[in-house]
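Structure first, then comments.
Since we're looking at a predicted model, the values are computed, not measured. Just follow the structure's listing: the first ligand is 1, and inside any ligand the first atom is 1. Residues: numbered from 1 along the sequence shown.
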Amino acid sequence: MEEINKKKLPSHIAIIMDGNGRWAKKKNLSRISGHIKGVDAVREVVTSCCELGIRVLTLYAFSMENWQRPKEEVAALMGLLKEYLLKEAEEMVKNNIRLSAIGRLEDLSADVRATLDEAMRKTENCDGMVLNLALSYGGRSEILHAVHGIISDLRKGRVKEEEIDLSSFPQYLWTRELPDPDLLIRTSGESRISNFLLYQIAYTELYLTETLWPDFNRTELLKAIAEYESRERRFGLTSEQINGI
Ligand code: FPP
């Protein structure tokens, strides 16, 4: 904690929570046990980010591709998500956390969708941290969805072609109200983006760790933040320009 400079904290942390299955396999447990332990890690990381004063935390909880997993695993993940939302909504209100979600939310079953909507409604006036869950999310689909939104607005005369630029385009993404991530963490030793926030991570700092998601905790989070703070973000400029030399 002493290594963290509060003034240099990332505003937005995004996490690819990977390795639940491998964690379980190593312990001779079912994949679902790995996901159950993964939810404990979610709780610890949400609480820690909130205490630290992180503005936005985006968690890749379920990708569009994840629907193709064995149906028992999909059902278990959806059950865990629903249980988490039911249990944690009050806690989020207490901690002033606003819940938001990105992805093809219409793919969720009616009961999960209703639970999600209810948790978002309960927390809608919270103005501390935003906990943003990526659910049935795919980065390519998000960009395609934005293109369809633009075509529709052009046809309706709501926007002119020359108004579509780098400042207006992000308004068509599911993340429209959020800043781009400053730090993207991926657990479990994989070095892939896996269709996550493809447009938004142009200048995001990547932090890859061998730690499997169920073992990720406050100490691991602080390590990632300390590493982020030690980096120089140049956004395509030179070091001299950044430092005003
Ligand atoms: C990746 O591990 C993890 C997932 C596909 C799901 C992440 C979900 C949770 C942590 C729990 C539910 C989430 C919330 C927000 C309550 P993997 O199964 O791909 O692991 P493997 O690569 O080792 O098989």
If the cut-off is 4.0 Å to any non-hydrogen atom of [X], which atoms of ligand 1 fall inside it?
X    : result
W213 : 10 (C)
H35  : 18 (O)
Y84  : 16 (C)
N66  : 5 (C)
R31  : 17 (P), 18 (O), 24 (O)
R22  : 21 (P), 22 (O), 23 (O)

Could you check whether [Y] and [X], counting side-chain N and O atoms only, form a donor-acceptor pair closer than 3.5 Å?
X    : Y    : answer
R186 : S194 : yes
S239 : E232 : yes
S100 : N132 : yes
R104 : S141 : no

Protein heavy-atom partner closest to [atom] - residue, atom, separation in Å:
atom                    : answer
atom 7 (C) of ligand 1  : A61 O, 3.5 Å
atom 19 (O) of ligand 1 : R69 NH2, 2.8 Å
atom 1 (C) of ligand 1  : M17 O, 3.1 Å
atom 9 (C) of ligand 1  : N20 ND2, 3.9 Å
atom 11 (C) of ligand 1 : V39 CG2, 3.7 Å
atom 20 (O) of ligand 1 : G21 N, 3.0 Å

Touching ligand 1 at all, S188? Heavy atoms, strictly under 4.0 Å?
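Checking ligand 1 against S188, which is what was asked, there is no heavy-atom contact under 4.0 Å.
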Using 4.0 Å as the upper bound for N to carboxylate O, is an ion pair formed by D215 and K37?
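Looking at D215 together with K37, the answer is no, because their closest N to O distance does not fall below 4.0 Å.
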Run the salt-bridge test on E227 and R231 with the 4.0 Å N-O cut-off and return the result as yes or no.
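Yes.
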Heavy atoms, side chains only, cut-off 4.5 Å: are E142 and Y137 in contact?
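When only atoms from C-beta onward are counted, Y137 and E142 do touch, with a gap below 4.5 Å.
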Option among T204, T58, D180 that satisfies the side-chain hydrogen bond (donor to acceptor under 3.5 Å, both in side chains) test with H12
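Exactly one pass, corresponding to T58.
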Transitive ILVMFWY cluster of L144, excluding itself - 4.5 Å side-chain cut-off
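Its cluster partners, ordered by chain and number, are none at all.
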